[in-house]
Each structure stands twice: as structure tokens, then as C-alpha cells.
Amino acid sequence: MNNKQVLDSTDINCIFKLRDVLSQKIINALNLNKEIVILCIGTDRSTGDSLGPLVGEKLKFLVRNNLYIYGNLGNPVHAKNLCSVLKTINSELKNPFIIAIDACLGSLHNVGSIIIEEGPLSPGAAMDKDLPLVGNISIKGIVNISGTLEFLVLQNTRLNTVMQIADIISKGLYHSILKTLGGPSIAKKTQNKLVKESKQSKVDSNN
């Protein structure tokens with residue numbers, strides 16, 4: 001994967017391009033016995049900054065062993081609690097591989113683009129907030145134009161734009177998880193198989 005890729009969310013193949021880019025990185029992380037964390041940053045109190053929570057809301061049903069999702073509409077991860085969430089992740093997980101998602105501002109012709117980059121993103125950069133860098137991979141959605149009064153720009157961003165980007169990112173992530181970890185039903189079948197094998201092993205050892 002290149003250090004940085006820019007995808008057009010209006011491209012009919014964007015979901016599949018996003019899936020393929022992320023799948024390879026997730027496979028590499030799994031081969032290193034890493035636990036996959038999808039960290040969705042933002043707040044539902046600002047339309048432009050709601051991209052992360054919207055993605056987390058769409059994906060929260062995927063949570064299971066080896067896959068953790070932080071940040072959704074009910075429990076957003078934002079400037080005030082980001083540090084504590086990162087502390088929780090690092091204390092509870094042995095070897096996390098963090099996919100960080102956040103909204104950002106950019107040039108007019110790039111609004112609607114999705115940026116995938118190796119390495120961390122800088123949360124709250126548009127607001128000049130001093131927050132820690134986060135993510136082994138970063139996914140940023142350009143929701144509006146950068147410039148002056150960026151707080152107001154985020155507040156007045158069209159929800160339709162944010163929803164469209166969130167839909168593409170969540171679907172791309174969903175398909176990458178299916179491709180690498182399988183769906184929830186597959187995970188449940190695997191777990192049931194392991195339990196069954198464990199019970200059979202105990203029976204055999206008692207005989």
C-alpha cells in the first residue's frame with residue numbers, strides 16, 4: 001500500500017477499492033497476532049464532525065473477539081475523552097492495531113474525498129486542538145472546505161455530504177472485515193466449534 005491514497009467517494013468502485021486497501025493491512029496485522037480496533041473519532045453535536053460516530057454506529061454490530069469498535073452516536077470519542085479511551089485500549093488490549101477515522105476539511109474540489117494513509121491522524125487539527133496522534137492507519141473524509149472560522153464551517157456542513165462519506169467508509173470497512181475475519185455468524189460458528197471440540201476432548205480424556 002502507498003503511504004497515502006485519495007479515493008473519490010462518488011466513484012462507483014470506491015467501496016471495493018477501500019476494501020482491498022484495508023484488507024491487506026488487516027491481514028498483515030492479524031498475521032502479527034494484533035487485535036483490530038476501529039476508532040471512530042468525532043461528535044454528534046457538530047454536523048461536520050459527526051463522520052466518525054456515524055461510521056461507528058453503522059459498524060457496531062460487528063464487534064466480537066479480536067475486533068473492537070470505539071465511537072458511535074451513543075458513545076462518541078471526542079476531544080474530551082480521547083486520551084482516556086486510548087488509555088483503555090492500551091491497557092485492555094495486548095497488541096492493538098488501530099484504524100482511526102475522522103472528518104477533515106480540504107480544498108473545494110476535494111470535498112467528498114476519502115484519504116487513507118499509513119500512520120496516525122491528528123484529531124482536532126482543524127480546530128487547533130492539542131490531542132495525541134492516533135492510528136496505525138488513518139481514514140479521513142473531507143466533509144467541507146478549509147479556511148477561516150473552521151468551527152463554523154464544520155457546524156454548517158451538509159449532513160447529506162457527511163452521510164454519503166460515512167456510508168462509503170462503513171461499507172468499505174464492513175467488506176474488508178468480511179474478507180479477513182468473516183461475518184459475525186462465521187465467528188459464532190467458529191466459537192461453537194471450538195467449544196464442541198473442547199467438550200469432546202474432555203469426554204475423551206475421561207474415557
Side-chain angles (χ1 to χ4, degrees), residues 1-7 15 17-44 49-104 114-127 129-143 165-166 168-182 184 187:
M1 170 180 166
N2 296 332
N3 184 50
K4 179 178 179 180
Q5 291 195 19
V6 180
L7 303 179
I15 291 171
K17 291 178 180 178
L18 184 59
R19 175 201 64 188
D20 293 341
V21 169
L22 294 175
S23 294
Q24 188 57 56
K25 301 306 295 184
I26 291 174
I27 288 171
N28 292 342
L30 292 174
N31 287 337
L32 295 173
N33 296 316
K34 291 181 178 289
E35 298 152 307
I36 307 303
V37 176
I38 300 175
L39 180 59
C40 304
I41 303 168
T43 173
D44 59 333
D49 203 22
S50 64
L51 177 66
L54 285 169
V55 172
E57 188 72 20
K58 290 173 180 287
L59 295 177
K60 64 182 182 182
F61 72 98
L62 282 175
V63 171
R64 58 184 184 275
N65 289 339
N66 212 36
L67 176 62
Y68 305 84
I69 300 175
Y70 293 84
N72 54 53
L73 292 176
N75 297 285
V77 176
H78 44 67
K80 292 183 178 180
N81 65 1
L82 176 62
C83 291
S84 63
V85 170
L86 289 175
K87 184 177 180 180
T88 298
I89 292 172
N90 290 318
S91 63
E92 295 184 354
L93 303 181
K94 294 180 180 178
N95 201 9
F97 180 83
I98 299 176
I99 301 172
I101 302 163
D102 198 5
C104 70
I114 297 169
I115 302 170
I116 312 165
E117 198 165 7
E118 289 193 56
L121 57 76
S122 179
M127 306 300 298
K129 292 182 178 179
D130 185 19
L131 296 171
L133 297 175
V134 58
N136 299 93
I137 295 178
S138 62
I139 303 175
K140 294 177 286 187
I142 302 178
V143 298
I165 300 173
I168 296 298
I169 293 175
S170 61
K171 287 179 179 177
L173 276 165
Y174 172 73
H175 286 292
S176 69
I177 295 301
L178 287 185
K179 188 174 180 179
T180 55
L181 289 170

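We count residues from 1, following the sequence as given. The shown structure was predicted, so the numbers you read here are calculated from the model rather than taken from an experiment.
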S.K.: Looking at L121, L7, V6, I139, which hits side chain to side chain contact (heavy atoms under 4.5 Å, CB included) with I115?
M.R.: V6
S.K.: Could you tell me if the side chain of T43 sits less than 4.5 Å from the side chain of K80, heavy atoms only?
M.R.: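 When only atoms from C-beta onward are counted, T43 and K80 do not touch, as no gap falls below 4.5 Å.
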S.K.: Determine the minimum heavy-atom distance between P123 and I41, stating which atoms define it.
M.R.: CG-CD1, 4.0 Å
S.K.: Sequence neighbours left out, what passes side chain to side chain contact (heavy atoms under 4.5 Å, CB included) with K34? Give chain and number order.
M.R.: A29, L32, N95, F97
S.K.: Is there a side chain to side chain contact (heavy atoms under 4.5 Å, CB included) between L181 and L62? Walk through the geometry before answering.
M.R.: CA-CA 10 Å; L181 289 170; L62 282 175; over 6 Å; no
S.K.: Output all residues satisfying side chain to side chain donor-acceptor pair (under 3.5 Å) with K58, sequence neighbours left out; order by chain, then residue number.
M.R.: none
S.K.: Hey, could you give me the CD1/OG1 distance between I177 and T180, rounded to the nearest 0.5 Å?
M.R.: 4.5 Å
S.K.: Would you compute the distance between atom CD1 of I69 and atom CG of L59 and round it to the nearest 0.5 angstrom?
M.R.: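 Atom-to-atom, I69:CD1 and L59:CG are 5.0 Å apart.
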S.K.: Would you compute the distance between atom OG1 of T88 and atom OH of Y70 and round it to the nearest 0.5 angstrom?
M.R.: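 The OH atom of Y70 is 6.5 Å from OG1 of T88, to the nearest 0.5 Å.
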S.K.: Do you know which two heavy atoms are closest between L18 and I168, and how far apart they sit?
M.R.: CD2-O, 3.7 Å
S.K.: Which value, rounded to the nearest 0.5 Å, describes the distance between Q5 atom CD and E117 atom CD?
M.R.: 10.5 Å
S.K.: Could you walk me through whether V77 and L86 pass the side chain to side chain contact (heavy atoms under 4.5 Å, CB included) test, one step at a time?
M.R.: CA-CA 10 Å; V77 176; L86 289 175; over 6 Å; no
S.K.: Starting at CG of L22, measure out to CD1 of I137 and round the result to the nearest 0.5 Å.
M.R.: 6.0 Å
S.K.: Quick one: does any side-chain atom of N136 pair with a main-chain N or O of I98 as donor and acceptor, under 3.5 Å?
M.R.: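 Side chain of N136 to backbone of I98, a donor-acceptor pair under 3.5 Å: yes, one is there.
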S.K.: Using a 3.5 Å distance criterion without hydrogens, assess whether the side chain of N81 forms a donor-acceptor pair with backbone atoms of H78.
M.R.: yes
S.K.: Could you tell me which residues satisfy side chain to side chain donor-acceptor pair (under 3.5 Å) with N28, sequence neighbours excluded, listed by chain and number?
M.R.: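 Partners of N28 by the side chain to side chain donor-acceptor pair (under 3.5 Å) criterion, ordered by chain and then number, come out as Q24.
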S.K.: Could I get the full list of salt bridge (Lys or Arg N to Asp or Glu O under 4.0 Å) partners for E57, not counting sequence neighbours?
M.R.: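 Testing E57 for salt bridge (Lys or Arg N to Asp or Glu O under 4.0 Å), a comparison that skips the adjacent residues, returns K60.
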S.K.: Ignoring hydrogens, what is the shortest heavy-atom contact between L54 and A166? Give both atom names and the distance.
M.R.: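 So the two residues come closest at CB-CB, 3.9 Å.
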S.K.: Indicate yes or no: at least one non-hydrogen side-chain atom of L39 is less than 4.5 angstrom from one of D102.
M.R.: no
S.K.: Is any side-chain heavy atom of L173 closer than 4.5 Å to one of I101?
M.R.: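 Yes, side chains in contact.
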S.K.: Which atoms form the tightest heavy-atom contact between D44 and P76, and what is the distance?
M.R.: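 Minimum heavy-atom contact is OD1-CG, 4.3 Å.
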S.K.: Return the OG to CD1 distance between S170 and I165, rounded to the nearest 0.5 Å.
M.R.: 11.5 Å
S.K.: Could I get the full list of side chain to side chain donor-acceptor pair (under 3.5 Å) partners for D20, not counting sequence neighbours?
M.R.: K179
S.K.: Could you pull out the closest heavy-atom pair between C40 and P53, with the gap in Å?
M.R.: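 Reported closest heavy-atom pair: CB-N, 4.4 Å.
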S.K.: To check you understand the geometry: which heavy-atom pair defines the closest contact between I15 and K171, and what is its length?
M.R.: CD1-CD, 3.6 Å
S.K.: Side chain to side chain contact (heavy atoms under 4.5 Å, CB included) with L133: which residues, sequence neighbours excluded?
M.R.: P120, S122
